[in-house]
Amino acid sequence: HHFWDFRGCTTGAGVTDSIAGDLVATPMNGPTCSADGIALDGNNDYLDIDDWEWGGATSFEVYVKYDTFNDWSTVFNFGSGAGSDNVYLRNVGTTSTIAWSVLQGSTYKGLDTSNFDSTTWTHVVVSSKDTTMKVFKNGLLAGTKADGQQPNFLTRTQHWLGRSAWSDDGYFDGTVGYIKVWHNKELTESEVTALDNAIPCVAGSFGSFYPDCVPCPVGTYSESSGSMVCTSCPDGKTHFASGSSSVSDCSHDSVHSWSFMGCSDGVPVVDETEGSTLKATAMNGATCSTEGMVFDGVNDWVDLDDWLWGGATSFEVYVRYNGFNDNSRVFDFGSGGSSGDDVYLYNGGTTSTIWWDVHQGSTRKWLSTSNFDSATWAHIILTVKGTSMKVYKNGALVHTKTDGWEPNVLTRTNHIIGNRYGGTRAFDGTIGYLKMWQGVELTASDVTSLYAPHNTAHHFWDFRGCTTGAGVTDGIAGDLVATPTNGPTCSDDGIALDGNDDYLDIDDWEWGGATSFEVYVKYDTFNNWSRVFDFGSGTDSDNVHLANVGTTSTIRWKVYQGSTSKELQTSNFYSATWTHVVVSIKDTTMNVYINGVHVGTKTDGHEPNVLTRTNHIIGASDWGSMNEFFDGTIGYLKMWHGVELTASDVTSLYAPHNTAHHFWDFRGCTTGAGVTDSIAGDLVATPMNGPTCSADGIALDGNNDYLDIDD
């Protein structure tokens with residue numbers, strides 16, 4: 001989530017976090033830059049990073065070279081002064097022992113283990129999750145502490161590299177190559193191993209991996225002679241493979257990334273890869289927004305500079321379709337015409353189906369699968385290596401084609417985002433960013449990591465604190481409005497439905513396939529088959545709904561394909577208090593979770609069809625006419641497309657609600673007055689025969705007084 005790379009930095013200039021993009025590490029008192037990193041003199045120089053709020057499960061990766069082990073000298077110390085929520089990595093005393101420490105307030109937990117290497121590079125990863133603290137050195141687990149702690153979540157006032165919060169500790173004497181930070185992530189041993197085996201030489205140096213990098217602007221390395229040959233790569237190529245033996249092994253940059261989120265109209269977006277100058281230029285009025293580049297679906301597009309590429313390739317895009325124009329392109333890279341070696345991603349026809357084509361000359365290989373989501377964001381990754389073509393949607397593999405092929409290696413003359421050559425396949429919607437990897441087939445683990453920043457609900461209608469009579473807009477997708485009908489009323493708890501004739505009607509959109517829902521509801525009465533939600537197109541027509549069974553509290557989770565239904569009845573809603581419910585469907589598996597606990601599975605279910613349903617109703621059913629009304633309060637509704645929430649996901653979602661469901665507090669009550677359940681809000685404990693209140697509680701005389709709670 002954060003990456004400060006000091007290799008090749010400029011002496012005296014701040015180094016900006018290259019992932020988050022805002023946080024700057026400012027050099028203090030004169031550290032100096034080199035191709036290896038930033039050198040600190042062990043006397044008084046350090047780096048001060050801008051402050052931000054963080055905490056919880058955390059992992060750090062550093063690449064450092066100690067020249068001298070000053071007394072308790074610090075690689076990093078993030079805190080708010082000495083003994084105040086410090087999180088730090090340093091050497092023990094004047095030894096080389098690694099010390100990894102986390103303070104919660106002033107309470108210390110630490111793990112001392114293994115050692116930093118002297119005058120050579122050490123790759124160190126440290127992590128903390130719950131009570132487990134770990135240290136990895138050069139890819140191997142060096143120590144574990146089982147009774148540790150994770151950092152508190154807060155904004156610390158000091159984020160220092162090379163300096164301790166304790167004034168009598170020494171400064172770091174050596175070089176820091178880089179530091180990375182992961183939030184809400186405990187790196188696994190396999191992930192750490194991958195990190196240690198992939199520390200490339202920076203631009204401007206050459207060799208295999210650190211610490212075996214030799215400065216050279218661009219060049220090749222002769223393994224037979226063991227010597228550098230500093231020869232310019234041809235054709236403006238800037239990237240060279242480790243251990244290559246001739247200039248023919250030079251290639252272009254292996255990764256390209258164009259982010260349109262927060263771009264400026266009229267200003268080209270430059271590839272974020274170091275050393276690249278490839279520009280993305282908006283054409284015919286495509287406009288910038290905080291979310292990305294907005295396309296009108298008529299005639300606008302973005303034109304990328306051309307470059308040579310091909311072979312094994314991966315693409316990542318983050319897109320939101322507003323409308324599905326005929327075969328409209330997310331991107332189309334080729335040379336025009338019918339024999340242009342085109343590679344493109346698009347929706348099939350006027351449907352939402354994902355299509356991906358790879359041409360070798362005029363011969364085409366393609367696959368179609370799953371769907372783009374309408375009116376909300378979809379995270380898509382495409383990979384091709386050899387004959388294997390894959391599509392991932394929202395972190396999950398949705399299709400593999402085993403008889404595909406790689407794109408030819410050549411310089412295509414058209415690299416278009418949001419349209420095709422000739423401007424006849426205009427995309428209608430927003431594209432957040434496009435990334436591309438050359439020579440790389442992203443793995444499932446890579447995809448999981450790339451999707452993680454987007455792993456949230458795709459729709460969210462939050463009725464808590466809404467305004468009576470006003471529609472509630474989807475807080476994520478931003479367009480779909482839940483309109484109240486026949487007078488439901490708002491409160492801080494949510495929207496109250498009377499069980500008689502009121503409900504909410506959400507704007508319609510296209511969706512289907514693997515889906516998850518989360519709701520927070522309080523039933524007052526169990527009307528006959530009353531709906532929490534019912535999304536469909538009338539009676540027995542592709543309905544997806546959550547309801548109680550008959551007039552009981554039993555939960556029914558039901559999915560239709562056309563008029564064919566599959567349902568799971570299990571557990572129960574609670575009466576007169578809140579119930580947290582998550583339901584999911586993927587392939588043939590339907591699941592129900594109540595208050596964070598898995599309560600039912602059906603293994604012969606089916607997914608909803610992908611289509612635009614004509615009714616999206618909360619609190620009622622539209623089977624011929626409005627009926628089966630919900631009596632109670634709905635706090636919120638969330639919805640995920642293409643995602644089957646896991647048990648771990650559900651645990652996290654339930655965490656804010658993991659409190660008692662009823663609470664009668666008699667401390668400081670008023671004698672003779674009933675005490676209302678302060679959580680559920682309705683149930684009253686009525687005093688009988690004269691119990692008396694005090695600051696301590698309610699006093700009962702053991703003779704004939706008591707309290708009677710509503711049923």
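Here, residue 1 is the first one in the sequence, and each next residue gets the next number. As the structure is a computational prediction, the values presented were derived from the model and not from experiment. Excluded from the calculations below are hydrogen atoms, water molecules and symmetry mates; all remaining heavy atoms, backbone and side chain alike, are included.
Closest heavy-atom contact between Asp45 and Ala39: OD2-O, 4.3 Å.
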Could you give the side-chain donor-acceptor pairs of residues 139-149 under 3.5 Å, partners two or more places apart or in another chain?
unit_1	atom_1	unit_2	atom_2	d
Lys145	NZ	Asp147	OD1	3.1
Gln149	NE2	Val102	O	2.9
Gln149	NE2	Thr107	O	2.8

Hey, can you pull the donor-acceptor pairs under 3.5 Å for the side chains in residues 151-158, sequence neighbours left out?
unit_1	atom_1	unit_2	atom_2	d
Asn152	ND2	Asp85	OD1	2.8
Arg156	NE	Asp85	O	2.8
Arg156	NH1	Trp54	O	3.2
Arg156	NH1	Asn152	O	3.3
Arg156	NH2	Asn152	O	2.9
Gln158	OE1	Gly81	N	3.2

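Judged purely by atom type and a 3.5 angstrom limit, Asp17 has no side-chain atom pairing as donor or acceptor with the backbone of His2. A donor-acceptor pair under 3.5 Å is absent between the side-chain atoms of Thr376 and the main chain of Ala477, judged by distance alone. Judged by distance alone, the side chain of Asn138 and the main-chain N or O of His123 form a donor-acceptor pair under 3.5 Å. Listed for the Ser73 side chain is no donor-acceptor partner under 3.5 Å among the backbone atoms of Phe69. Checking side-chain atoms of Trp377 against main-chain N and O of His454 turns up no donor-acceptor pair under 3.5 Å.
Tyr178 and Phe3 have perpendicular rings, their planes meeting at more than 60° on a 0 to 90° scale where under 30° would count as parallel. Ring orientation note: the planes of His379 and Tyr451 are tilted relative to one another, at an angle of 30° to 60°. Using the six-membered ring where Trp is involved, His458 and His641 have ring planes that are parallel, under 30° apart on the 30 and 60° scheme. Using a 30° and 60° split on the angle between ring planes, Trp258 and His256 fall in the parallel class, below 30°.
The side-chain tip of Lys134 does not point at the ring of Phe136 from less than 6.0 angstrom away and within 45° of straight on.
Counted by atom type alone, Ser449 and Asp446 present zero donor-acceptor pairs between their side chains at under 3.5 Å.
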Query raised in the report: Between Asp169 and Arg163, does a salt bridge (Lys or Arg N to Asp or Glu O under 4.0 Å) hold up when you go through it step by step?
Result: CA-CA 8 Å; Asp169 288 347; Arg163 177 183 174 181; over 6 Å; no
Requested in this report: In sequence, state the C-alpha distance, the side-chain angles, and the governing distance for Lys185 and Glu191, and then conclude on salt bridge (Lys or Arg N to Asp or Glu O under 4.0 Å).
Outcome: CA-CA 11 Å; Lys185 173 68 174 175; Glu191 289 171 332; 2.9 Å; yes
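Checking Leu23, Thr16, Leu161 one by one against Trp4, the side-chain contact (heavy atoms from CB on, under 4.5 Å) holds for a single residue, Leu23.
Applying the salt bridge (Lys or Arg N to Asp or Glu O under 4.0 Å) criterion to Asp462, with sequence neighbours excluded, gives Arg464. For Val294, the side chain to side chain contact (heavy atoms under 4.5 Å, CB included) partners at least two apart in sequence or on another chain are Thr287, Ser289, Thr430. Ser101 meets the side chain to side chain donor-acceptor pair (under 3.5 Å) test with no other residue; sequence neighbours excluded.
Within the structure, disulfide bond (SG atoms under 2.5 Å apart) pairs that include any residue of residues 7-106 comprise Cys9-Cys33 (at least two apart or interchain).
The shortest side-chain heavy-atom distance between Trp52 and His183 falls under the 4.5 Å cut-off.
The number of heavy atoms from other shown groups lying within 6.0 Å of CG (Asn455) is above 12.
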